[in-house]
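Notes follow once the structure below has been shown.
Naming: A, B, ... by sequence-line order, numbering from 1 per chain.
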Protein chains: 2
Amino acid sequence: MDVLSDNTIGSSSDKPVQERLLDAAEGLFCEHGFEGTSVRDIAAAAGCNIASVNYYFGGKEKLYLEVWRRHFNLMRQARIASIDRVMSKEGGEPSLEELLASYADAFVEPLVDKHTGGRFIKLMAREMVDRHLPQNIFLEEMIIPVMTALQQALIKICPGLSEVNARLAILSVVGQLVHTICAETMLEQSNYPEMPKFELAEVIRHIVKFSAAGIRACAEQKEDRVQKTEG
Amino acid sequence: MDVLSDNTIGSSSDKPVQERLLDAAEGLFCEHGFEGTSVRDIAAAAGCNIASVNYYFGGKEKLYLEVWRRHFNLMRQARIASIDRVMSKEGGEPSLEELLASYADAFVEPLVDKHTGGRFIKLMAREMVDRHLPQNIFLEEMIIPVMTALQQALIKICPGLSEVNARLAILSVVGQLVHTICAETMLEQSNYPEMPKFELAEVIRHIVKFSAAGIRACAEQKEDRVQKTEG
DNA sequence: AATCGTTTTAAACTTTCGTATGAAACGGAC
DNA sequence: GTCCGTTTCATACGAAAGTTTAAAACGATT
């Protein structure tokens, strides 16, 4: 894993060591996971000594946690802000599609964002499967707050939606978004010709349409449950 | 990681060593991932010597691959059979809900199945993020064949569905299923009281209803694209 | 210029990993 | 009983991991 050149954007030697380490660690953690990247690789990518990781952060795990802390607030605020922006828009109640599109954009924004290089969201997918963060931090800092906000917004737009159905719907939407990212990561790793590569924007447009119809079906269920397969 | 007692179902010492190793390796790989489990742990769990892994399988990676090979055929056949069973049922064309329910059941069956203990599907989620299998084996042995079968079935049931829309729909359905399993795994790891635990059957019922509506919306798109937000 | 706290460095330490080795134990065939 | 191929065993090896250490280098203050 010969990573000697700095793989971060503008971190040659002007920034302080701690930031260089954080940037390098983030890139390597995203690309190869927690166990897949060594402290030596991080130090080499940051252009500093191995001991710096322990000197500044007190260990590999602490550094990993700090990499996350940098993004928790930004990501949570971005997601919730995208919900609030839609919900507080003037001109009557927003459509379900508007809410979903706004949230989906905010969700995959770290993937498209050129500043972070779209690496961080891969780390999220990893962390969901292979936990290395302290217990419940992920839930408390990200999932619960964002899920709560989205749930309230959904219920407001779709009055027929029960609380449990709203949560199930969120599970569906987030599941599609995460899986899209996983599939993207997977396909870019394996150069398989037959497998069609989707444009991300196209997939999001699909998810919005698909989910809006799904949510409406779940909301209808409550009011009139007779006409289930009318088509 | 003190795993000394056998964590597999019925593998104390009656079964041959290779099977004991495969069983033990499967359990540990599922629980802790490829890098997270050592050959020593596997040998200890299987109740045999460390060298047995190299003697019988020629290395850790070969053993890992063999763990997968045991399941590839079974899982692929189960998925495709569940599709075929629905599609070849007498009494006219099956409903979209029937197809989705059948496929979803086959998909999560390894999770519910008491024989495997539902561990293997976790390994699938891991492997999608952290590749350790030889390039493209996962795609060729699982994803492509099953996706092709499901795509054809979907198009047959929903004539309005284009090929690309069918693939996008499958991405949505599989995404929901995988995410459900990830969430299940995640929540069982973290004993968080506020987070509601869903019954798996309940979630699947939701996914079927949700996805059926979503797919119909994507199929309608082709024929009449005027009435998008009629509700 | 000397001093003192901070940072950086090279090297070593301990542990753990996957694998290799060679001897011991086993089990039929003769 | 002896032989021989197969299996099991304890052990060792080199590599790589995270962490520690003590000295060197640095920088501001006096």
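- Screening N165(B), I143(B), L150(B) for a side-chain contact (heavy atoms from CB on, under 4.5 Å) involving I170(B) leaves a single residue, L150(B).
- Whole-Å rounding puts the N49(B) CG to dG22(C) P distance at 16 Å.
- Listed by residue number, the members of residues 50-68 of chain B with any heavy atom below 4.0 angstrom from DNA chain C are I50(B), A51(B), N54(B), G59(B), K60(B).
- As rounded to whole Å, 17 Å separates atom P of dA16(D) from atom CD1 of I42(A).
- Between R40(B) and Q18(B), it is Q18(B) whose nearest contact on DNA chain D lies nearer the 5' terminus.
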* Asked: Does the pair W68(A) and F29(A) meet the rule for a ring-ring contact (aromatic ring centres under 6.0 Å, His included), with working shown?
  -> CA-CA 11 Å; W68(A) 274 95; F29(A) 280 146; 9.9 Å; no
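- A parallel orientation is assigned to the rings of F120(B) and H71(B), their planes being inclined by less than 30° (bins at 30° and 60°).
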* With side-chain contact (heavy atoms from CB on, under 4.5 Å) as the test, would you mind laying out the steps for E141(A) and R69(A) before giving the verdict? => CA-CA 9 Å; E141(A) 299 257 347; R69(A) 284 214 186 284; 4.0 Å; yes
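- Of all nucleotides listed (dA12(C), dT19(C), dA10(C)), dT19(C) comes nearest to the side chain of V39(B).
- For C48(A), counting side-chain heavy atoms from C-beta on, the closest listed nucleotide (dA17(D), dT9(C), dT8(C)) is dT9(C).
- Put simply, CD on E35(A) is 15 Å from P on dT16(C), counting in whole angstrom units.
- Applying the 6.0 Å contact sphere to CD of E202(A) captures more than 12 heavy atoms from other residues, nucleotides or ligands.
- A cation-pi arrangement is absent between R126(B) and F34(B), since the terminal nitrogen or guanidinium carbon is not both under 6.0 Å from the aromatic centre and inside a 45° cone about the axis.
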